[in-house]
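Presented below is the structure to which this report refers.
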Amino acid sequence: MTDGGLPPYLEVLNAEQRRAVLHTGKPLLILAGAGSGKTRVITTKIAWLIREKGLAPQSILAVTFTNKAAREMAQRARMIDERAADAMLRTFHSFGAWFLRRNGKFAGLDSGFVIYDDDDMISLLGTIMKGEPKMEVKRTAYNISRAKDYFLAPDDPALAMIDGSKRFRTLYAGYEEKLAATGNVDFGDLIKKPVEILRAEPVVAQRFRERFSVIMVDEYQDANVAQFALLKELCGENTYVCVVGDDDQSIYRFRGAEVKNILQFPDKFSGTDIIRLESNYRSTSPILKTASSVVDHNRGRLGKTLRAERGTGMQPVLAFLPDQDEEVNFAAELIGNSVKAKNKQSRWSDWAVLYRTNAQSLGFETEFLRRGIPYKVIGSLKFYEREEIKDALALLSFLVNPRDEVAFRRVVNKPARGLGAVTVDRLIEAGAERGSSLLETAKTEMEGLSAKAKKGIAAFIKVMEDGKALLEKPPEANGTNGKNGKSAAAKKKSRGAKDADALVSGEGLSVCVTQMIKDSGIAEYHLVQDEIMGNQRINNLQELVNAASLYAGTAEGLLEFLEHIELDRSLEDSSLAGKTPQDGDTAAAEDKVTLITFHNTKGLEFRKVIMTGLEQGVFPREDKKDDELEEERRLFYVGATRAMDELYLSSCAMRRMYGRTLPVDPSVFLREVETSCLRIVGKAPRGFGAARQSQAWAGGSGKNAAYGGNGGAAETGGWRRGQRLFHDDYGYGAVAEVRGSDEGPVVRAQFETGREVRFLADHQGAAYVKISDDA
DNA sequence: TAATCGATCTTTTTT
DNA sequence: AGATCGATTA
């Protein structure tokens, strides 16, 4: 490789990258820092294996964690060699689904299963935990998910690490039983079940080990225990394994990701070679220093030194702002001025606004809309979580799998068909007893029901059978190329014309989808809702119909459609994004500011990044400590290293939380960051910069007091320690502490209910009534 | 049985 | 501010 005869696509790599691409034989762990060209290495390696090593593309498996990453990888590999299109590039979950469609029978699974999302999981669990508070059900569902991430069965002693109680084991086992009865799987099963099958069926395992001679895993630091087990099972004697990751970017611990996987990879795969990619080509050095100086506070890292190949650049800016409205203005001004500047150096799409929680996007959306700043919100649009969409999908899921209890419960009595909870429960119980599908059960069990219920269930059955008939005999294939779907729908209701106009079917599967939504009455139900509430539900349903038109109008097409929706929900919000009214620019459709959570930025890069909400309680969240605080630090690192040229950090003195505006402290990360490389603007809070007391924060025990000095002698607005007070919401209480701040006295009060409240005497004091002791 | 009102509580990240 | 739970009413 040192001679001059390298092909151009290898020539562009640096020495470390090239070493990683050309490495063969032993297992390989690539520790790739942010912006070190890791995707380039993987894609180049795929192409190289095909071109130079003559490997069959089908024998290469590359696994990622997001669909976006999988798509990008496929595209970039194909740019080097078109044959890469035949390599298997999938997310872990999509690989698991693919595996189970073919081999699920070894685990008693029919190939027509549907994938339950978290909500479906909660619904199903809710039927076991009847009458318990929803939070409890959610917590249990969460724990079951974690258990599956750790590959733990209900009877595994190690379940203690999550919840070892008898109660939890019973619920987990009960849930598994019920899930099996529906014939469906949840997200965790997509990993767990393939592992079980591979372990139990040597013939199947052998087949896969022979099929894939190369397996690569991207973002390996986010792999959980079950995913590691899957990798291990897929690797045979001669499989070449290569994993790429960065322990500093592990941010999915809450979902079972185990940094241990990457730390211990060399132990689990003996003879592992390690290659480090430490040249950062993305960010300027001050940006890199900002990011590193924070994550340096973490213990238990593999440790690496990133070199900024781009050299120095603009100093990152740290802005202290009064409140979140000012933060929104700050971002809007910054972006607007930069884009509208004479030299035209900046486009909207150069910019990204980062926040910790999706809820924080709202303020930016509102203001950007007002100012005509085009933007797109990544990830927050929960299109598939909308009620009307879930209704429609439940209809379709039930059509695919008539044992789907969750879907059945959702739509059998929607709109109201006179089937109460009691009736529905009875039907499901009867179905379970004789092990037949809920559709069959409904048919045969009708006699015992009231006239009203009988009529209702008959209508529901009809919807399903008509839908099924349409899939088996699509109108196109029939030769009767009439108005799609109308034939069946039109006669049903006299008012049918209303929703028939509102929903228009197109090609392929959309014919069936439209008919089901209309016939079931779901369309009309939501049309009425739209009229009452002024919603966009019919439009949303139309969007679902449009998406369906890309799939074949057959049972297989429907299954594909559902699987695609279940596994890739990354529809980007395009409807709400603002348009610049002045210049009717049509070409620049994608030139928009990105609004995005820190988590969602992983793998992305932007020229200019604004990290917002750097306050205690927001980022990091207040309840984070130890390991979890370290994960928040990594999140900071991920966010900051997205920036190529410019980085801005904003921190507010006050923030609206819990529907109330409260003073907040700057993020602990702002005390850890190497401030010498920052430019501070705005009113820095007291104690910041000069006498920094980072030790007090690191200690964690001392509640606050590290901040804000001691304005005790100053004005207290008449508040003093021990003063009793009353508040409409909180009831009676007493003042625990009064201290100064730039916004005037801050009162901390303890209420009888146990609630502790902090408020600014000058701004919010009016809501609190002082009570005299002698009254 | 369904809808509605009011009180109470909790606010993350996602394949 | 929004979701959720429970009780009360049509």
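Just so it is clear: chains get the letters A, B, ... in the order the sequence lines come, proteins before strands, and each one is counted from 1.
By the stacking rule of 5.5 Å between ring centres and under 30° between planes, F254(A) stacks on the base of dT13(B). Stacking of F187(A) onto the six-membered ring of dT15(B) is present: less than 5.5 angstrom between centres, less than 30° between planes.
Of the candidates dT15(B), dT14(B), dT4(C), dT4(C) carries the atom nearest the K138(A) side chain, counting heavy atoms from C-beta on.
Look at CG on L190(A): it is 19 Å from P on dT14(B), rounded to the nearest Å. At whole-Å resolution of the value, CZ in R660(A) and P in dG2(C) are 15 Å apart. One interatomic measurement links the two molecules: CZ of R656(A) to P of dT11(B), which rounds to 19 Å at whole-angstrom precision. Here dC5(C) presents its C1' atom at 14 Å from CD of E132(A), a figure rounded to the nearest Å. Rounded to an integer number of Å, the gap from R634(A) CZ to dT13(B) P is 18 Å. What separates CG of L662(A) from C1' of dT11(B) is a distance of 13 Å, to the nearest Å. The NZ-P distance, from K414(A) to dA2(B), rounds to 13 Å in whole Å. Summarising the geometry, the separation between OH on Y252(A) and C1' on dT13(B) is reported as 6 Å, rounded to the nearest angstrom.
The side chain of N358(A) places no N or O atom within less than 4.0 Å of a non-bridging phosphate oxygen (OP1 or OP2) of dT11(B). Here T601(A) does not reach the OP1 or OP2 of dT13(B): none of its side-chain N or O atoms lies under 4.0 Å away.
Taken to the nearest 0.5 Å, the OG atom of S667(A) stands 11.0 Å off from the CZ atom of R356(A). Here the OG-CZ distance, from S123(A) to R409(A), works out to 9.0 Å after rounding to the nearest 0.5 Å.
Checking D149(A), D247(A), D627(A), D222(A) one by one against R253(A), the salt bridge (Lys or Arg N to Asp or Glu O under 4.0 Å) holds for a single residue, D627(A).
Between dT12(B) and dC5(C), the distance separating the two P atoms is 15 Å to the nearest Å.
Remark: the backbone N or O of T182(A) is paired with a side-chain donor or acceptor of N401(A) at under 3.5 angstrom.
Backbone-only contact: F65(A) has heavy atoms under 4.0 Å from sugar-phosphate atoms and none from a base. Residue contacts for M135(A): at a heavy-atom cut-off of 4.0 Å it reaches the sugar-phosphate backbone alone, with no base atom in range. Among the atoms of the strands shown, base atoms are found under 4.0 Å from some heavy atom of D118(A). Using a 4.0 Å heavy-atom distance criterion, N413(A) is classed as a sugar-phosphate-only contact.
Position along DNA chain B of the nearest nucleotide to R621(A) versus A416(A) favours A416(A) as the more 5'-ward residue.
Put simply, the side chain of T140(A) does not reach to within 4.5 Å of the side chain of Y175(A), judged on heavy atoms.
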